There are 2 protein chains.
Amino acid sequence: MANTTIYDVAGAAKVSLATVSRVMNNPEKVNPETREKVLKVIKELGYRPNAIARGLASRKTTTVGIVMADVSRAATAQLLGGIIDISKKYDYAIKLFSMAENDDIKETIRAVVAEQVDGILFLNDELEPSQMEMCMSLIQDAQIPVVLCNAMYDEKDIPAVGIDYENATYDITKELIDKGKKNIYLATTVRRYSVNFHKIAGYTKAMQDAGLEPLVFRTSGDVSINTLHFQEFIKHNNIEAFIAVRDSIAVSFMNVMIKAGYKIPEDCEVVGLQNTKYAILSRPNLTCVDTPVYDIGAVSMRLLTKFMKHEDIQESKVLLPYRIVERETTKE
Amino acid sequence: MANTTIYDVAGAAKVSLATVSRVMNNPEKVNPETREKVLKVIKELGYRPNAIARGLASRKTTTVGIVMADVSRAATAQLLGGIIDISKKYDYAIKLFSMAENDDIKETIRAVVAEQVDGILFLNDELEPSQMEMCMSLIQDAQIPVVLCNAMYDEKDIPAVGIDYENATYDITKELIDKGKKNIYLATTVRRYSVNFHKIAGYTKAMQDAGLEPLVFRTSGDVSINTLHFQEFIKHNNIEAFIAVRDSIAVSFMNVMIKAGYKIPEDCEVVGLQNTKYAILSRPNLTCVDTPVYDIGAVSMRLLTKFMKHEDIQESKVLLPYRIVERETTKE
DNA sequence: CTGAAAGCGCTTACAG
DNA sequence: CTGAAAGCGCTTACAG
């Protein structure tokens, strides 16, 4: 079946192709009777305008480019969930671009620009400031609106949606401190997520405010690796409380502790900073700071649509509320 | 900055735009010297051809459409991981289309077709045969190659990549039977994934071959719901072994059992049918059939590239090998 | 309200 | 090996 074009519709409806185009794009500008006639033909023929041709002619593709590092991260998938739901609502198509660690960032951004997307959503935060700088200037050169999704970049005034990880981590740390804990450890990952910097900052501030020494250490996100690490680690450290930037790391740590004979939360309180499904599948259930990742995706996409439609923007940086979900790995 | 076009390059290199085009698409057809000259200008200007214009002119977008139901499923994200890696290698862009439960399927497919993708990857398997039928005939009308990714559809001869879930589940069930287990339960979900049908079939066959009664039951994929369900369920059933279509369900069940005072695997062996990260974060670690989801994504994308390039295809249906990973929830 | 025509930025036979 | 020209399927001023 050759695809039906606007010419086929025009022919069958006995109007010009300009009229067919108007029926689709500016229906109010065409006489109701002809409009109905055209609409009928469109339906009969099952016509859908060729999105590529439309994109070329109108210079708008109603497509947003998602630039991300790693789909397999749980947070990425959740972010995508929110983005997809909103993009459907506003009729935007989604084009995916991944940026692996040793990819040429410049080339990736150029590719995105070459695809003529109307807007860009930048997921995650795995770039160093200098790389981020480069990305943003390339995007701004191309005059494409961009929103950072679950990443904050303070140096430049780039629209962003996230949560206040610093305050969130401060709060949970403070809670632990108020219970009298002193040796509170924060486990972060080797890779340098900007979000983790904020978490570390919040934790560090809470500890210092209380006159305690911050105990930040890095471990692997890989369970088998960090398990070995923890087995050694707990031998040499007296850990009264443990906060992990990722839930899976908290669970992995807890498993090691329990197998070593410790009781959770009696001997050590454990907290995750995400609230993923891992938190309710662990035994005991993990207390978490709840990060509304789906919402971050949804709100950032919504914000981007505003930019693409040149609507008035109230706030170009938005911080979504977080909350602490007390479960079984903390006391009281 | 106005984007540089092929005219700019042609002007700067003092050649016609046809030559510039050839340098990009058929470099062997142009004189090495002029080619170098043009390449130099392209580099200087940072030129990237407008993908939309190219798509319209050549009728090829080097874009594949991914049709999927739910990003948030762990399997979907892993599938995407494999797909993305291969699509990068072969220089295809990716366009995402989600199909929620009450979406108009026909419209979704039409939208995909309207986007002029060169090929379609159909993820998952949440459609009923009649819906699947409709999708496939729409796609075939449009003459777009399609590959089913982690889904099998036997009625029609549609290319597909997956694993032999029936045999895999047969094997693991048989293993349990050979250990003398009789009351072996299979937990599946409410939603009717075709993949689950295969799992049920394999399990049922193994049970029947051994003269045992198949004990299939449905539960929720939601942890808080299935936890309540299991708490009741274990009171009224003598469960010697438990197989779950999803790892998270197996872990959830195991947590309920352990909290109720049972020992795993001594009192009951537990098996998951995926091998996700849940399996190594549970305590004890979950024995699993390992489904190479990333590979399924990668292989299906590779297969699709062959169709798009009209290469010779040996096998249009491929079943990837699986294996059983013995961990701590089974004995011996 | 409607149509004829130019143009979006490319590719691709067709001549030469 | 290279260029002039038509065409991909639309949108959008511009007349009327």
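Just so it is clear, the structure is predicted and the values come from calculations on it, not from any experiment. Chain letters run A, B, ... following the sequence lines, proteins first, then strands; residues in each count from 1.
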*Asks:* Taking the side chain of B:Y7 as its heavy atoms from C-beta onward, which of C:dG9, C:dT2, D:dG9 lies nearest to it?
*Replies:*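 The answer is C:dG9, which lies nearest to the side chain.
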*Asks:* Let's see if you can work this out: which of D:dG3, D:dG9, C:dG9 has an atom nearest to the side-chain heavy atoms of A:T5?
*Replies:*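 Nearest to the side-chain atoms of A:T5, counting from C-beta on, is D:dG9.
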*Asks:* How long is the line joining CD of B:Q116 and P of C:dG9, in whole Å?
*Replies:* 19 Å
*Asks:* Quick one: is B:T34 getting a side-chain N or O under 4.0 Å of the D:dT2 phosphate, OP1 or OP2?
*Replies:* yes
*Asks:* Is the closest basic N to carboxylate O distance between A:R48 and B:E107 below 4.0 Å?
*Replies:* yes
*Asks:* Among D:dG3, C:dA4, D:dG9, which nucleotide sits nearest the side chain of A:S16?
*Replies:* C:dA4
*Asks:* Taking atom types as they are modelled, would you say the side chain of B:R59 forms a donor-acceptor pair with the base of D:dG9 within the 3.5 Å cutoff?
*Replies:* no
*Asks:* Could you tell me whether A:T19 contacts a base, only the sugar-phosphate backbone, or nothing, with contacts defined as non-hydrogen atoms closer than 4.0 Å?
*Replies:*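 Here A:T19 touches the backbone only, sparing every base.
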*Asks:* How far does CD1 of A:I94 sit from CD1 of B:I66, to the nearest 0.5 angstrom?
*Replies:* 12.5 Å
*Asks:* Between B:D312 and B:K306, does at least one N-O distance fall below 4.0 Å, as a salt bridge requires?
*Replies:*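 No salt bridge links B:D312 with B:K306.
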*Asks:* OP1 or OP2 of D:dG9 less than 4.0 angstrom from a side-chain nitrogen or oxygen of A:Y47, does that happen here?
*Replies:*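 Negative; the distance criterion is not met.
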*Asks:* Is atom NZ of B:K40 surrounded by more than 12 heavy atoms (other residues, nucleotides or ligands) closer than 6.0 Å?
*Replies:*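 At most 12 heavy atoms, drawn from other residues, nucleotides or ligands, come within 6.0 Å of this atom.
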*Asks:* Whole-Å distance between C:dT2 C1' and A:K14 NZ?
*Replies:*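 Nearest whole value for this atom pair: 17 Å.
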*Asks:* Checking contacts here: which listed nucleotide (C:dG9, D:dC10, D:dT12) is nearest the side-chain heavy atoms of B:L56?
*Replies:* C:dG9
*Asks:* Between A:N25 and B:R22, name the one whose nearest nucleotide on DNA chain D is closer to the 5' end.
*Replies:* B:R22
